[in-house]
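Proteins get letters first, then strands, A, B, ... in listed order; numbering begins at 1 in each.
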Amino acid sequence: MPEPQEGPRRTVLGAPGRSLFQVGVPGLRPRCPWPNSSSGGVRCLMRAALAVARNAFDGMPHRDVVSATAAIGALTRQGWHRDAVAQFSQVLSDGVAPNEFTFGTVLRSATALRAPRLGVQLHACAAKLGLCSNVFVGSALIDHYAKMGALRDAQGVLEDTREPNVVSYTALIAGLLKNGMFDEANRLFRRMPERNVVSWNAMIGGCSQAGLSEEAVNLFLEMCREGVPPNESTFPCVLTSVANAGALGAGRSVHASAIKFLGKVNVYVGNSLVSFYARCGSLEDSVLVFKMMNLKNVISWNALICGYAQNGKGEEALDAYKAMRATGLKPNNVTLLGLLFGCNHAGLVDEGYALFKTAEMEQPGILKPEHYACVVDLLSRAKRFDDAKRFLEELPFEPGIGFWKALIGGCQIHWNRELAESVAKRIHALDPKDTSSYILLSNVYSAAGSWQSVSVIRREIKEKGLKRITGCSWIEVHDKVHVFFNGDCRHHQSAEIYSMLETCLYTKEHDEHEYSIV
DNA sequence: ATAGGGTTAG
C-alpha cells in the first residue's frame, strides 16, 4: 500500500481539495457494488484504501467543508456509520462549519445506527447554524425522523422548511405509510406541489407493505393514466400487492406492462414475478420467468424454492436447492425456512431434519426460532412425538406459544389425545384468549370419537366469545376473485358449484373403484 | 467538488 506523500499537490490519492475518496485505487470502485458481499478480501482492501485516504485527509493542510463532507460521505456509503459520526464530530471540533450536504450524509448514518438521540443533536446543531429552513437539511431530517418513527417531528421539520420539494414530501409520505397512516399520507400526496416516479413508488410500496393491495394497484393504474412512466422500482411494489390479492390476471397485465415500459426485467422485477406467479398457483410461469432471468441472486432462488414449497412440491424445492448450491450460492435463513416448509408439506421428514442439522453445523447464525418451530411441526406431523418433545427440551431458548401449537397440530393428525390435552393446557396458560388450541383440541376429540368432549369445548368457545380465523380458498374467474369458506353457501352460483363438486367426487370414486378391480 | 426520497424472497 503506497504511503500518502507530503505536500498538497503530490499526494498519490489525488489533488487535495478534491474528494479523496473518489480517486481511483486500482481495482476498487468508489461505491461498493456488492453491499452485502461477504468477500473478506475485498473488504480488507476497501478498509486499507480508506485508511490511506483518511491518513491523507488528516494530513491535509487546508481542510474545508467540501473535503470533510466527501470523507464523511465515503464512510457512510461504506456502511461504516460509527466512523462517519466520529469524523463529523472531528470536523466540528476542528472548527469547520458543516454545510447542508454534511448534514445529509451524517443523518443517513444516524438513521442506519438507529440513533434517535444523535438525530435530535444533529437537528439542534443544524438549527444553531441556521440551516434548518434549508431544503436539503430539511429533507434529511424528515427522512431520519420518519424512519425512526418520530412522525410528529418529521412533520414539524416539513413545516419549518422554507421551500419543501418532492424529496421532503416523499420522505414524509413513506414514513407515514410505514406507520399505518394511509389517510394522512394520501392527503399529503394529493396536496404536494409536484410528484415524480419516486413519490408514486413510495405510495404504491407503502400501500403494498400495509396490506392495502387494492389501493396499491389503483395507484399504479392512476400513475400510468397520468403519463408518469413506471420504473424498475415500481413493479416489485405492484407485484407484491397483486400477489397478496391473489389476482393472477391483474398480475399478468402488470408483467406485460413491465415488458412494455422496461423492455426487459431486472433482478428485482424478476424476483417479484417468480414469487407472484408461484403465490398465485401458476408454477409453470414462475419457473419460466426464473429460467429467463440471466442474473440470479439468493432472493431469486428463495422465490423459486418457497414457490415450490408453498405449492406442496417438496422434492422440486430440494432439487432447486441442489441446483442453487451448484452455482456456489450460500443459503440464508429464508432458504432454510422455505426448504423446511416444503419438506413439512411433502412429508420429507428425514430430509428436512437433515437440512436443519447441517445448517446447525455450518451456519448456526441463520437459525431463528421459526426454523426450530418448523422442525417441531415436521416431527410431530410424522408422529415422532418423542423426538419432538426431546427437541423442545433441548431448545436454546424459551419456546413461545407457536411451538406448542406446532406440537398439538401433530396430535390432531395422529389422534394423540393425552399429549393434545397437556399441550392445550400449556397453550391456555400462555394465552387464555387463543382460539386455535380449542379448535385443535376439539378436532382431536372428534377424531377420537369423544363427542361429549367436543361439545364441551365448542360451548366453551361460544361462551367466551372467542373468534376463530377460518381458512379459505379462492379462484379467479374473469378478473374477479371468488373466496370460499368451509361449507360456504353464499356464492350466487352455490348450487351449481356443489352439484359440479358432487359430479367430480362421484367420478373420482368411480375411477378408484374401477382401478381397484384391476 | 460535497447531499437526499421509493424496490424483490418468508
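Proximity note for A:Ala202 (side chain, C-beta onward) versus B:dG10, B:dG6, B:dA9: the nearest is B:dG6. Distances were taken from every side-chain heavy atom of A:Asn332 (C-beta onward) to each of B:dG6, B:dA9, B:dT8; the shortest belongs to B:dA9. Checking B:dA3, B:dT7, B:dG10 against the side-chain heavy atoms of A:Pro236 singles out B:dT7 as nearest. Side-chain proximity of A:Val198 to the nucleotides B:dA9, B:dG6, B:dT8 is greatest for B:dG6.
Rounded to whole Å, the distance from CG on A:Leu337 to P on B:dA9 is 14 Å. Atom-to-atom, CZ of A:Arg279 to P of B:dA9 comes out at 7 Å; the value is rounded to the nearest Å. Here B:dT8 presents its C1' atom at 13 Å from CG of A:Leu295, a figure rounded to the nearest Å. If you measure from atom CE of A:Met324 to atom C1' of B:dA9, you get 11 Å, rounded to the nearest angstrom. Atom CG in A:Leu177 sits about 10 Å away from atom P in B:dT7, given to the nearest Å. Separating the CG atom of A:Asn231 from the P atom of B:dT8 is a distance of 13 Å, rounded to the nearest angstrom. Going from atom CG of A:Asn302 over to atom P of B:dG10 covers 9 Å, rounded to whole Å. Rounded to whole Å, atom C1' of B:dG10 lies 14 Å from atom CG of A:Leu304.
Salt-bridge formation is detected for the pair A:Arg252/A:Asp285: a Lys NZ or Arg NE/NH1/NH2 atom is positioned less than 4.0 Å from an Asp or Glu carboxylate oxygen.
Using the six-membered ring where Trp is involved, A:Phe391 and A:Tyr353 have ring planes that are perpendicular, over 60° apart on the 30 and 60° scheme.
Not a single donor-acceptor contact under 3.5 angstrom links the side-chain atoms of A:Asn201 to the base of B:dT7. Scanning atom types as modelled, no donor and acceptor separated by under 3.5 angstrom connect the side chain of A:Ser272 and the base of B:dT8.
Considering A:Asn297, A:Asn271, A:Asn332, A:Asn333 as possible partners of A:Asn302, the one that fulfils the side chain to side chain donor-acceptor pair (under 3.5 Å) test is A:Asn332.
Distances shown here put a side-chain N or O of A:Ser275 below 4.0 Å from the OP1 or OP2 atom of B:dG10. For B:dG6, the OP1/OP2 oxygens have a side-chain nitrogen or oxygen of A:Lys147 closer than 4.0 Å. Dashed line: the shortest gap from a side-chain N or O of A:Gln209 to OP1 or OP2 of B:dT8 is under 4.0 Å.
The aromatic ring of A:Tyr268 sits over the base of B:dT8, with ring centres less than 5.5 Å apart and planes tilted by under 30°.
As judged by a 4.0 angstrom heavy-atom cut-off over every strand, A:Glu232 is placed among the base-contacting residues. At a threshold of 4.0 angstrom between heavy atoms, the contacts of A:Asn333 include nucleobase atoms, whether or not backbone atoms are also involved. Among the atoms of the strands shown, base atoms are found under 4.0 Å from some heavy atom of A:Ser199. Nucleic acid contact class of A:Val166 (heavy atoms, under 4.0 Å, all strands): base.
The environment of A:Glu163 atom CD is sparse: at most 12 non-hydrogen atoms of other residues, nucleotides or ligands sit within 6.0 angstrom.
With sequence neighbours excluded, the residues forming a side chain to side chain contact (heavy atoms under 4.5 Å, CB included) with A:Val120 are A:Tyr145, listed by chain and number.
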Distance-only donor-acceptor pairs under 3.5 Å for side chains of residues 182-189 of chain A, two or more places apart:
unit_1, atom_1, unit_2, atom_2, d
A:Glu184, OE1, A:Gln155, NE2, 3.1
A:Asn186, OD1, A:Arg190, NE, 3.3

